[in-house]
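Below, chains carry the letters A, B, ... as their sequence lines are ordered, and counting in each starts from 1.
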Protein chains: 4
Amino acid sequence: MKTPNPTRRSERSRQAILSAAFDLVAEIGYAKLTVEAIAARAGVGKQTIYRWWPSKGAVFVEAVLDLSRDERGELALPDTGDLRADLRGVLRAIVDEYNDPKLDAMSRALSAEALADPALNSEITGRILGPILEATRERLRSARRAGQVAADADLSVAVELLFGPVYHRWMLRTNPLTHEYADTVVEFALRALAPTQGESDSVSVKG
Amino acid sequence: MKTPNPTRRSERSRQAILSAAFDLVAEIGYAKLTVEAIAARAGVGKQTIYRWWPSKGAVFVEAVLDLSRDERGELALPDTGDLRADLRGVLRAIVDEYNDPKLDAMSRALSAEALADPALNSEITGRILGPILEATRERLRSARRAGQVAADADLSVAVELLFGPVYHRWMLRTNPLTHEYADTVVEFALRALAPTQGESDSVSVKG
Amino acid sequence: MKTPNPTRRSERSRQAILSAAFDLVAEIGYAKLTVEAIAARAGVGKQTIYRWWPSKGAVFVEAVLDLSRDERGELALPDTGDLRADLRGVLRAIVDEYNDPKLDAMSRALSAEALADPALNSEITGRILGPILEATRERLRSARRAGQVAADADLSVAVELLFGPVYHRWMLRTNPLTHEYADTVVEFALRALAPTQGESDSVSVKG
Amino acid sequence: MKTPNPTRRSERSRQAILSAAFDLVAEIGYAKLTVEAIAARAGVGKQTIYRWWPSKGAVFVEAVLDLSRDERGELALPDTGDLRADLRGVLRAIVDEYNDPKLDAMSRALSAEALADPALNSEITGRILGPILEATRERLRSARRAGQVAADADLSVAVELLFGPVYHRWMLRTNPLTHEYADTVVEFALRALAPTQGESDSVSVKG
DNA sequence: CAATAAGCGAGACGGTACGTCCCGTCTTGGG
DNA sequence: CCCAAGACGGGACGTACCGTCTCGCTTATTG
């Protein structure tokens, strides 16, 4: 196992490889993506790919991460004080992403890759999903401080209560993903997370 | 494209292929499964596989469906009258399945296949997941009649409120799947689905 | 080994198979001829072919024989008394056949088949070439009686002296096959076969 | 159609492929030779064969050519002055080769290949047969200068007069190929080629 | 400031599996 | 019992990619 020296690495090649991979997935789909095609498209030797990435999946994940780096930077949910509205905003945004054919296809490709390769899975969930989940958790924490959420609520589960249903419906295509659906999920979640009677009778959810 | 005549089909070969595929996935994993290996193991020509299935994924899905045909027959959740207990039973059972390495691997393989091929997806969800979801929906319907669930609750969403979080956590490996977790999800769901104050004051959830 | 009963044989199928084979060779060439294609073209089950012929080569040979049956019937060289003219006639006719692209291709196919399969070889040489060689030998025998050919000449070799050069040139494509060439070969052969001085001084070849 | 770069070609693989092909033909016969078997025997990927040769026939022909490269180098018939003896030597040698089962099989394989593929045909005749024919023609030219052969004899035809009959008999297996037969053919040829009466009365064929 | 060592493009290599074609056998149903 | 139809186990085809391995060719320190 030789560990190449990263200081010598060609940034030009790295960029060419990542965008070649990204474009090819858009054109032919992730399933038909090959390392040889990436190399050819990028004008790069295959060895240069194998030197820096362990698999085509890793290249693709990095491509996605790289191209969405800026957006996700310091992701934070807006905190308008209106928890219901803020959560609706997140879920509706996610529903919108899943309804974009390009993003849908890419997300499914990433998910399939994550299913097969645990290492890629943690990469993906850690760097793409992670920040969103964390930001939502943070928003719920703030709401809990404001007494809008039960004091003993497990926020990790709370987050899954919001994203789980949407993810489930998207993955299994059981029913259409609409804004109305997103709102319904938020409504259920708010009820589930609401402080118990008497815990805080002076503060309403809408507060 | 010539469509072969199914009346002449060899049932013996079909069975051999399906169980070869199933066994091979158990032994070497879905990712390393090949059509050639299935054919060799089944003592069958490759053409016989390609004649009846479009891909190795389709073979595997049919293998799973075929071998689980009897079990899922007329699936119905127990209805003890105790909704909390009944739902805990379902979610804990699912958590147990996902914690079995064999079943876990197989489920991930099926999910990956479903992601890549919408046709297989509906086959899978329709014949494996569908019955479970429907049975749970039926149990909730019964609970709604008993006044334990809000009269206006959308049961399709309710089901996703239960399964979504578990599925999310399993797929993304964000946290361990435990019975305790299952119970927490049930608790949240029951609160979310609970009849609104005054809707029915003579009936408690615990019934 | 089952020996089918020839009395039950379908003459209609036999004819269909032979002409399908013949036509297919004309269309796609002998090398690409397949039993399945013959069966499909003839509207016949593959088994019907395998029941009556041992190989596709055998079918083709029989096809050629069958379609040229009449011509070769009781083949005999003309005996005008002019040996030179008669032999030129045969060789020129052969040269003409080899110069016909259709017949050329077919002859090469037959030769290739004969090279690979001794059984077909004797079939071919016995039933196609044989009669021609025998007729020529007969003509030479007549000439020998007339004193135009040396009394001790081995006529089997004599025949090869005539056909060998033409065959050699055709097979190896070393030089073009022309009537002039045929005549030259005849000339050489006549000299080679001429009676030795004094053996018969009153009879000339041209006689 | 990408044409590979010959400078990067592996000579080791080339040699392994050629001798594997040669050995396999000797062991199982040309008809049963497969590209896969050659690759396996040579310890080579199939693609390496397809990269450099268009067909198994081409591999075999090159194998034969390569292994007989040295022998045929500057082929020249012995010129003892005794034309009859020299020609008998050539034809007897050829008869011997055809009577060696190994060489017989190989020659038939080459002939079949040459029949099906004109490109290979010229390769074969040009590099294997060509030199022999040319050497014989040269010997006859020398004999013509010595007055043992008619001045106006077409030596290309003369050569075919010698080899044609032998080739004919070998290809068609009409009669056994013996030294006696070779001698007979030489005898006929010498008579055919002999100078006409009076053309040169001071020189006999026997020299 | 040469020497030298790394990354690089290119692409040949040994391999594995693909999906197709055809082989020769076997089975079914019809005449 | 022959026939048409065609499914079957099997073997080879020629192709696509895999991941590894040289090749020369830049390029960027470093003795």
Side-chain angles (χ1 to χ4, degrees), chain A residues 2 4-14 16 32-40 42-52 54-56, chain B residues 2 4-10 12-14 16 32-40 42-52 54-56, chain C residues 2 4-10 12-13 16 32-40 42-52 54-56, chain D residues 2 4-10 12-14 16 32-40 42-52 54-56:
Chain A
K2 70 179 99 174
N5 180 351
T7 65
R8 293 252 194 179
R9 184 170 187 180
S10 159
E11 180 58 21
R12 150 184 280 275
S13 292
R14 186 179 160 276
K32 290 183 188 168
L33 182 68
T34 67
V35 172
E36 293 206 330
I38 297 173
V44 139
K46 286 198 293 174
Q47 196 58 252
T48 302
I49 296 180
Y50 285 111
R51 191 163 15 238
W52 302 110
S55 67
K56 69 163 184 171
Chain B
K2 70 177 80 170
N5 179 350
T7 66
R8 294 240 183 273
R9 183 167 187 180
S10 160
R12 150 184 281 274
S13 293
R14 186 179 159 275
K32 290 184 189 167
L33 182 68
T34 66
V35 173
E36 290 202 332
I38 298 173
V44 140
K46 282 199 291 177
Q47 196 59 48
T48 301
I49 296 180
Y50 285 111
R51 181 148 40 226
W52 302 110
S55 67
K56 68 164 186 170
Chain C
K2 68 179 100 173
N5 180 351
T7 64
R8 292 254 194 174
R9 183 169 188 181
S10 159
R12 149 185 280 275
S13 292
K32 290 182 186 168
L33 182 68
T34 67
V35 173
E36 293 204 331
I38 297 173
V44 139
K46 285 199 293 174
Q47 196 59 252
T48 303
I49 296 179
Y50 285 112
R51 188 157 25 235
W52 303 110
S55 67
K56 69 163 184 170
Chain D
K2 70 178 81 168
N5 179 350
T7 66
R8 294 240 183 274
R9 183 169 187 179
S10 159
R12 151 185 280 272
S13 293
R14 186 179 160 274
K32 289 183 188 168
L33 182 67
T34 67
V35 173
E36 291 202 333
I38 297 173
V44 141
K46 282 200 290 178
Q47 197 58 49
T48 301
I49 296 179
Y50 285 112
R51 181 149 39 225
W52 302 111
S55 67
K56 68 164 185 168

> Assign a letter to each nucleotide of nucleotides 25-31 of chain E from its 5' end: B, base within under 4.0 Å of a protein heavy atom; S, sugar-phosphate only; -, no contact.
BB-B---
> Go through E:dA17, E:dG14, F:dC2 for me and flag the one nearest to the D:S13 side chain.
E:dG14
> If you take all heavy atoms of C:K56 and C:L33, which pair is closest and at what distance?
NZ-O, 3.0 Å
> In chain order, what residues pass the side chain to side chain contact (heavy atoms under 4.5 Å, CB included) check against A:S55, with sequence neighbours excluded?
A:A58, A:L120
> Just N and O in the side chain of A:T48: are any of them under 4.0 Å from OP1 or OP2 of E:dG9?
yes
> When the nearest nucleotide of DNA chain E is assigned to A:G43 and to C:V35 on a heavy-atom basis, which residue is associated with the more 5' position?
A:G43
> Rounded to whole angstrom units, what separation is found between the CD1 atom of C:I49 and the P atom of F:dG6?
15 Å
> Given atom CH2 of D:W52 and atom C1' of E:dG14, what is their separation to the nearest angstrom?
15 Å
> Check side chain to side chain contact (heavy atoms under 4.5 Å, CB included) between C:T48 and all other residues, then give those that pass, not counting sequence neighbours.
C:S13, C:I17, C:V44, C:R51, C:W52
> Using every non-hydrogen atom in the two residues, find where C:A39 and C:G45 come nearest and quote the distance to one decimal.
CB-C, 4.3 Å
> Taking side chain to side chain contact (heavy atoms under 4.5 Å, CB included) as the test, write out the residues that go with A:T34, two or more places apart.
A:E36, A:A37
> Roughly how many Å is it from CD in A:E11 to P in E:dG7, rounded to a whole number?
15 Å
> Expressed in angstrom and rounded to an integer, what is the separation of D:E36 atom CD from E:dA17 atom C1'?
11 Å
> Any chance CZ of B:R9 has more than 12 other-residue heavy atoms, nucleotides or ligands included, within less than 6.0 Å?
yes
> Please name the pair of heavy atoms, one in B:I49 and one in B:V35, separated by the smallest distance, quoted to 0.1 Å.
CD1-O, 3.8 Å
> Quick check: on DNA chain E, is the nucleotide nearest D:A39 upstream (toward 5') of the one nearest B:L33, or the reverse? Name the residue that is more 5'.
D:A39
> Nearest whole angstrom, please: distance from the P of E:dC8 to the CZ of A:R12.
12 Å
> Rounded to whole Å, please give me the gap between CD1 in C:I38 and C1' in E:dC23.
13 Å
> Have a look at B:R9 and say if it touches a base, only the backbone sugar-phosphate, or nothing, with a 4.0 Å heavy-atom cut-off.
sugar-phosphate
> Taking the nucleotide of DNA chain F with the nearest heavy atom to each, does B:A42 or D:S55 sit closer to the 5' end?
B:A42
> Output yes when at least one side-chain N/O atom of D:R51 is less than 4.0 Å from OP1 or OP2 of E:dC13, else no.
yes
